[in-house]
Amino acid sequence: MEADGILGALAALPEGDLALLIGGASDADATVLDADWDVWVREGQAPPEGAWRQWVMLAGRGFGKTRAGAEYVTAFARAHPDAAIALVGATVDEARAVMIEGPSGLLSVARADERQDMLWRPSLKRLTFASGAEARLYSAANPESLRGPEHHLAWCDELAKWRRAEAAWDNLRLGLRLGERPRGLITTTPRPVPLLKRLLADPLTRTGGGPSRANPHVAEDFLDAVEAAHGGTRFGRQELDGVLLDDLEGALWSRDLIEGSRGEMPRAETLTRIVVGVDPPASAEGTCGIVVCGRDEAGIAYVLADCSATGLGPDGWARKVAGAAESWRAHRVIAEANNGGRMVESVLRGAEAGLPVTLVHAADGKAARAEPVMVAFENGKAKLAGRFPALEDEMCGLIYGGDYRGPGASPDRADAMVWAMSELLAKPRAEPRVLRL
C-alpha cells in the first residue's frame, strides 16, 4: 500500500484504536506517526477547501487551535521555500511564547529531520524554516510595525484580545499581497469584537474550530472542573464551547442582562406558585417549548427548568408537559392555543386527567408579549435559576418591533417562558397544586 493510503487508513481509525496501534509500534515508527499531522487532525482543525481569504478558527481553551495553526504554517513553509510569513500576536512576547516556543508551537511541530536546519533568532524576531521560508514576529499592539512588510501568509493568534485590532489588521492586510493566493489564518477564542465580526461577515472567510471537550487529550478532570464553574454562562460558552455570542441590535435581552439575572435555585418551600409554559409545535418536526417557572414569597419569578422537546407528536410532547408539571408540582399549565386551538387542551388533559390547563391566545407579536417580561428581568423581579443556553439564545434573538433573529425558525422556548412568566407576574391567585398519587 502507498504511504498516502496507509496514512488515510490510520486517520480513519478511532482515536483509541489508533493509540493502541501506536503503543505497539517500534519507537521509530511511533515517532513518525506521532509527527504526522494528517493522522491526528480532527474536524475543525483541517484547512477549508476551495477559494478563501481568511480562515477563522474559533475554539475553546485546549481545543488544539495553536497546534492546528502551527501545522498549517509549517506545511505552507515546506511547500513554499520562498515564503514570507507574518506571525502576529497580541504582543511579541505572547507570539514568541505560544506560536514559536510553546508546546504546540512551530519549533515543536517540526519533524526531527527539520529541526536541525531551522534557525530561530529571538533578537531579530525571525524564524527560518528548513525549507528556507521565513517567518517574522509582530505585535498587534504596534500596528505601525506591520506597515510596509509584504507576506504570502499571516497567522494571527488570539485576535479577539488584540488591543489595537483594527489598525493592526488593516496594515497587515495591505501587506498580504505576495503570491497567487495570499491568505490569513486566525486562531482565537471568540469574543464579539468589531474586527472579528467584520472578518466573519466577509464572504471569503471560512470558519473552523470547536469546543474544548472535542480534544480527547485534554484532562477530563480539568474539563469537569471548568464546566462546573462556567458551563452554560456567557464566559463558558465562549471560552469552553468556542461560540461567538453577540448582542443583536435592538434585542430585548442583552447577554449582560442575562448574566446579571442569574440567581440560585429557590428552595421548594419558598415557592408560592409554579406554572409550566407551553408553546406547542406547528409540526411533528418542530420544538415544543416547555418551560417551568415559579414565584417565591418575595414576588420574584424564576425560570426553574427548560424541558422543551423536539420531534415529538402531540401525545409525546403532552406527556413531557404532564411529566414536568408532576415533577415540579405545578399549579397550572399555560399553553398557547393558536396552533391547534382546543386540540392543545384535549391532548394535555388526555396525558394527565387532573392537569389544570389555561389556554392563551397570541394576539400580539412575540416581541411585544415578551417586552413586559424583559422589564421584570431589568427590575430584578424575574431571574434565571441556573443556566439555560438554548433558551437564552432565543431570548437574545427577540428584537424590538417584532422580529426574531435567533436560532431556529421560531423562539419556541422563549415563547413558553414568556407565557409562564406573564402568568406569574400577573396578580396572584390561590389554587391547588398537582399532587402525586
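Quick caveat: nothing in here was measured; it's all calculated off a predicted structure. Hydrogens, waters and symmetry mates play no part in the numbers below; they use all other heavy atoms, side chains included. Start at 1 with the first residue, then count along the sequence.
- Counting non-hydrogen atoms of other residues, nucleotides and ligands closer than 6.0 Å to CZ of Arg163 gives a total of 12 or fewer.
- Between Leu312 and Trp317 the shortest heavy-atom distance is O-CD1, 3.6 Å.
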task: Mind running side-chain contact (heavy atoms from CB on, under 4.5 Å) on Lys383 and Glu264 for me, showing each step along the way?
output: CA-CA 9 Å; Lys383 294 182 178 294; Glu264 298 293 329; over 6 Å; no

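- Under the 4.0 Å criterion applied to side-chain N and carboxylate O atoms, Asp170 and Arg164 are not assigned as salt-bridge partners.
- Between Glu158 and Lys65 a salt bridge is recorded (basic side-chain N to carboxylate O distance below 4.0 Å).
- Scanning all heavy atoms of the two residues, the minimum distance from Val292 to Ala324 falls at CG2-CB, 4.2 Å.
- Counting heavy atoms from C-beta outward, Tyr138 and Val92 have side chains that stay 4.5 Å or more apart.
- Under the 6.0 Å distance and 45° angle rule, Arg262 does not count as a cation-pi partner of Phe388.
- In this structure, CG on Asp412 lies 11.0 Å from CG on Leu391, to the nearest 0.5 angstrom.
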task: Take Arg198 and Glu166, measure what salt bridge (Lys or Arg N to Asp or Glu O under 4.0 Å) needs, and give me the verdict at the end.
output: CA-CA 10 Å; Arg198 177 178 135 198; Glu166 297 274 359; 2.5 Å; yes

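- Checking Arg405, Arg237, Arg413 one by one against Asp393, the salt bridge (Lys or Arg N to Asp or Glu O under 4.0 Å) holds for a single residue, Arg237.
- No more than 12 heavy-atom neighbours from other residues, nucleotides or ligands sit within 6.0 angstrom of CZ on Arg267.
- Trp169 places a side-chain heavy atom less than 4.5 Å from the side chain of Leu199.
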task: Check the pair Met421 / Val291 against side-chain contact (heavy atoms from CB on, under 4.5 Å), numbers first and verdict last.
output: CA-CA 10 Å; Met421 280 289 187; Val291 177; over 6 Å; no

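- Judged by distance alone, the side chain of Glu114 and the main-chain N or O of Arg111 form a donor-acceptor pair under 3.5 Å.
- One finds the CZ atom of Phe76 at 11.5 Å from the CG atom of Leu185 (value rounded to the nearest 0.5 Å).
- The line from OG of Ser212 to CG of Leu240 is 4.5 Å long, rounded to the nearest 0.5 Å.
- Note on Glu392 versus Arg255: no salt bridge recorded, every NZ/NE/NH1/NH2 to OD/OE distance being 4.0 Å or above.
- Taking 4.5 Å as the limit, every side-chain heavy atom of Gln238 sits out of range of all side-chain heavy atoms of His230.
- Smallest separation of non-hydrogen atoms from Ala385 and Met265: O-CE, 3.5 Å.
- In this structure, the separation between NE2 on His151 and CZ on Arg177 is 10.5 Å, given to the nearest 0.5 Å.
- With hydrogens and angles ignored, the 3.5 Å screen pairs no side-chain donor or acceptor of Arg387 with any backbone N or O of Leu384.
- Between Thr128 and Asp117 there is no side-chain heavy-atom pair separated by less than 4.5 Å.
- The side-chain heavy atoms of Val278 and Ile334, taken from C-beta on, include no pair separated by under 4.5 Å.
- For the pair Arg183 and Trp52, the cation-pi test (distance below 6.0 Å, angle within 45°) is passed.
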- request: List the steps and the verdict of side-chain contact (heavy atoms from CB on, under 4.5 Å) for Leu107 and Leu127.
  value: CA-CA 9 Å; Leu107 295 176; Leu127 173 67; 3.9 Å; yes

- prompt: After noting the C-alpha distance and the side-chain angles of Leu252 and Met395, does the key distance pass the side-chain contact (heavy atoms from CB on, under 4.5 Å) rule?
  reply: CA-CA 7 Å; Leu252 287 176; Met395 292 165 66; over 6 Å; no

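- Checked by atom type and distance alone, the side chain of Arg42 never pairs as donor or acceptor with a backbone atom of Gln45 at under 3.5 Å.
- Under a 3.5 Å cut-off, the side chain of Thr189 and the backbone N or O of Gly242 do not form any donor-acceptor pair.
- With contacts defined as side-chain heavy-atom distances shorter than 4.5 Å, the pair Ser422/Val373 qualifies.
- Asp279 contributes atom CG, which lies 8.5 Å from atom OG of Ser308 (distance to the nearest 0.5 angstrom).
- Aromatic rings from Trp55 and Tyr72 are positioned such that their centres are separated by under 6.0 Å.
- Salt bridge Arg213/Glu227: present, at least one basic N to carboxylate O contact under 4.0 Å.
- The shortest side-chain heavy-atom distance between Tyr302 and Arg295 does not fall under the 4.5 Å cut-off.
- Remark: side-chain polar atoms of Thr270 are not paired, donor with acceptor, to backbone N or O of Pro266 under 3.5 angstrom.
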task: Verify side chain to side chain donor-acceptor pair (under 3.5 Å) between Asp157 and Thr187, making sure each step is shown before the conclusion.
output: CA-CA 5 Å; Asp157 190 51; Thr187 53; 2.8 Å; yes

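- Contact record, Ala84 with Glu150: CB-O, 3.7 Å, taken as the closest heavy-atom pair.
- Using a 4.5 Å heavy-atom cutoff, the side chains of Leu58 and Leu200 are in contact.
- Between Trp40 and His217, the ring planes lie perpendicular to each other; the angle is over 60°, past the 30° to 60° tilted range.
- Using modelled atom types, one side-chain atom of Asn215 and one backbone atom of Gly62 make a donor-acceptor pair closer than 3.5 Å.
- To the nearest 0.5 Å, atom CD of residue Glu134 and atom CG of residue Leu119 are 9.0 Å apart.
- Residues Gly209 and Phe63 share a closest heavy-atom pair of C-CZ, 3.5 Å.
- A side-chain donor from one of Thr310 and Thr287 sits under 3.5 Å from a side-chain acceptor of the other.
- When all heavy atoms of Ala420 and Gly277 are compared, the closest pair comes out as CB-N, 3.7 Å.
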